[in-house]
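The structure under discussion appears below in the form of structure tokens.
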Amino acid sequence: MASSKLLLKAAESFEFHVGTLVFLSNSTNEVYRFTKDNQSYILRLSQKSHEYVPKIRAEVDWVYYLVKNGVRASLPIQTCNNELTAIFCDEDKWYIATAFHEAAGRFFDKNNEQLWGPKIFRNWGETMGRMHRLSKSYEVSDILVKRDSWSRRSINNPHLQQGSFNVLLEQLISMESTIDSLPRCCDSFGLIHHDFHPYNFFIDNSEITVFDFDDSIYGWFSLDIAIAATHAVWWGVHAEDRVTKSRFAQLFLCEFLMGYEKEHHLTEYWKQTIPMFMEYRNICSFFWWLSEWNGDESCLTENQQNAINHAVMLIESGLPFDGCDIQR
């Protein structure tokens, strides 16, 4: 957690009263809400090296471009020095601070038809389709460093390189070899959100406002769609059996792609890659949850144990991941 000293520095940089800060979450980044001039904003603290600042500036530049061209996204605000980032050192750790307008609306709720269902899925798809269409015309400024492109993962945890887990690792390596051979043309590959799941947008009168672009990379548009679909299945299905999840996945993709096609056309070839990318997201999530695992099952969190239980079940049954197995 950030120290009170660091939070005070952030408040001074973005010119708000530190007493208005409310802690929201701590996953990849620390996230807070604060109030300034009777409006709500989001403070994001990323524990990254100073060298990562250009990557965040590239992220923010893309968000500005999207909003300018009609995408509903959370706009960043400037510091007192007219910068979009502030860099602090606290206890020998570097933090990069950014602040954004808070999106209007609420998170999804699978038990509320106003916050989950076909209309939401179509608007979600339409928002992503517009982003992909704009990605094709987006040009990075000469002064900006580009966001990273998709690359193969490095699994360095030795506990995930042996026994049953090695089966999944071999499957991951095989899939990445296939993915790496896919074409990277402008109609199918560009700057994508790469984490456009239901906890990265708010819903207001069925309208979608997207945020958290810090995972954005140059990748396949169908990968972006698959990530949305995979998370929708994880968190948006009422029953946990595989048949129900499979039916929901089909319904979701039908509605999502109906909205997507209003803004961007995806050929049948690329639509056929979506299930593969869903399976890929599932396997990547397994390794992400367990990346810091020390091999001691007594130290596992509930999410990590769920990841292992699903993985072992699928390995023992001989069934492939199908995009609807690991839970948050």
Side-chain angles (χ1 to χ4, degrees), residues 28 148-184 188-189 192-197 215 217-237 240-250 252-253 269-297 299-328:
T28 306
D148 292 336
S149 287
W150 178 91
S151 61
R152 304 188 192 205
R153 298 170 61 92
S154 297
I155 308 301
N156 299 316
N157 188 331
H159 305 292
L160 302 177
Q161 298 175 348
Q162 54 189 339
S164 297
F165 302 130
N166 194 54
V167 175
L168 286 181
L169 181 57
E170 291 177 350
Q171 188 175 356
L172 175 66
I173 293 171
S174 176
M175 290 189 73
E176 289 189 327
S177 179
T178 299
I179 291 169
D180 210 5
S181 67
L182 291 173
R184 304 190 187 200
S188 59
F189 188 93
I192 61 174
H193 188 286
H194 197 226
D195 203 27
F196 197 170
H197 61 61
D215 283 338
I217 63 169
Y218 286 86
W220 292 271
F221 297 144
S222 54
L223 168 60
D224 221 14
I225 295 170
I227 289 171
T230 303
H231 286 269
V233 174
W234 290 353
W235 305 328
V237 183
E240 294 300 312
D241 63 280
R242 294 173 66 88
V243 172
T244 300
K245 288 185 174 184
S246 179
R247 288 174 178 168
F248 176 85
Q250 294 175 24
F252 173 84
L253 281 170
Y269 171 85
W270 289 109
K271 289 178 184 177
Q272 293 300 318
T273 67
I274 293 173
M276 176 193 67
F277 276 127
M278 290 179 69
E279 182 178 351
Y280 174 65
R281 179 67 168 189
N282 228 328
I283 298 176
C284 286
S285 296
F286 166 79
F287 286 106
W288 184 84
W289 279 117
L290 295 169
S291 59
E292 304 296 327
W293 182 42
N294 63 4
D296 183 356
E297 294 201 19
C299 298
L300 291 168
T301 66
E302 181 180 355
N303 288 326
Q304 289 175 325
Q305 188 61 62
N306 286 340
I308 286 181
N309 290 343
H310 281 291
V312 170
M313 176 188 70
L314 291 169
I315 291 170
E316 291 179 346
S317 66
L319 294 172
F321 277 33
D322 61 1
C324 48
D325 294 295
I326 297 176
Q327 302 296 313
R328 181 185 172 105

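Computed over heavy atoms, backbone and side chain alike; hydrogens, waters and symmetry mates excluded.
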Salt bridge (charged side-chain N to carboxylate O under 4.0 Å, His left out) filter on R153, not counting sequence neighbours, yields none
Heavy-atom closest pair (I227 atom, H194 atom, distance to 0.1 Å) is CD1-O, 3.4 Å
Heavy atoms of L169 and L160 approach each other most closely as CD2-O, 4.0 Å
d(N282 CG, L172 CG) to nearest 0.5 Å is 12.0 Å
**Q.** Any W270 side-chain heavy atom under 4.5 Å of L182 side chain
**A.** yes
The reported gap from SG in C284 to CD in E279 (rounded to nearest 0.5 angstrom) is 10.5 Å
Main chain of E170, side chain of S174: is a donor-acceptor contact present, judged purely on distance under 3.5 Å? no
In short, I283 meets L168 closest at the heavy-atom pair CG2-O, 4.1 Å
Taking every heavy atom of H193 against every heavy atom of D224, the minimum-distance pair comes out as N-OD2, 3.3 Å
Run T273 and L223 through side chain to side chain contact (heavy atoms under 4.5 Å, CB included) and show every step you take. CA-CA 8 Å; T273 67; L223 168 60; over 6 Å; no
Value for CD (Q171) from CD (E176), rounded to nearest 0.5 Å, stands at 11.5 Å
Margin query: Ring-plane angle category for F277 and Y280, please: parallel below 30°, perpendicular beyond 60°, tilted otherwise.
Written below: perpendicular
Do the side chains of W150 and D180 get nearer than 4.5 Å, heavy atoms only?
yes
Nearest heavy-atom contact between S188 and P183 is OG-O, 4.1 Å
Donor-acceptor under 3.5 Å (D148 side chain, I217 main chain):
no
*Is there side-chain contact between I179 and W220, with at least one heavy-atom pair below 4.5 Å?*
yes
Between Q161 and N157, the two heavy atoms sitting closest are CG-O, 3.4 Å
Q) Looking at side-chain heavy atoms only, is the closest gap between S222 and Q272 below 4.5 Å? A) no
Tell me whether the count of non-hydrogen atoms from other residues, nucleotides or ligands lying under 6.0 Å of CZ in R247 goes above 12. no
**Prompt:** Would you say the ring centroid of H197 lies under 6.0 angstrom from that of W235?
**Reply:** yes
To the nearest 0.5 Å, atom CZ of R281 lies from atom CD1 of I274 at 14.5 Å
Sequence neighbours excluded, the answer for side chain to side chain donor-acceptor pair (under 3.5 Å) partners of W293 is none
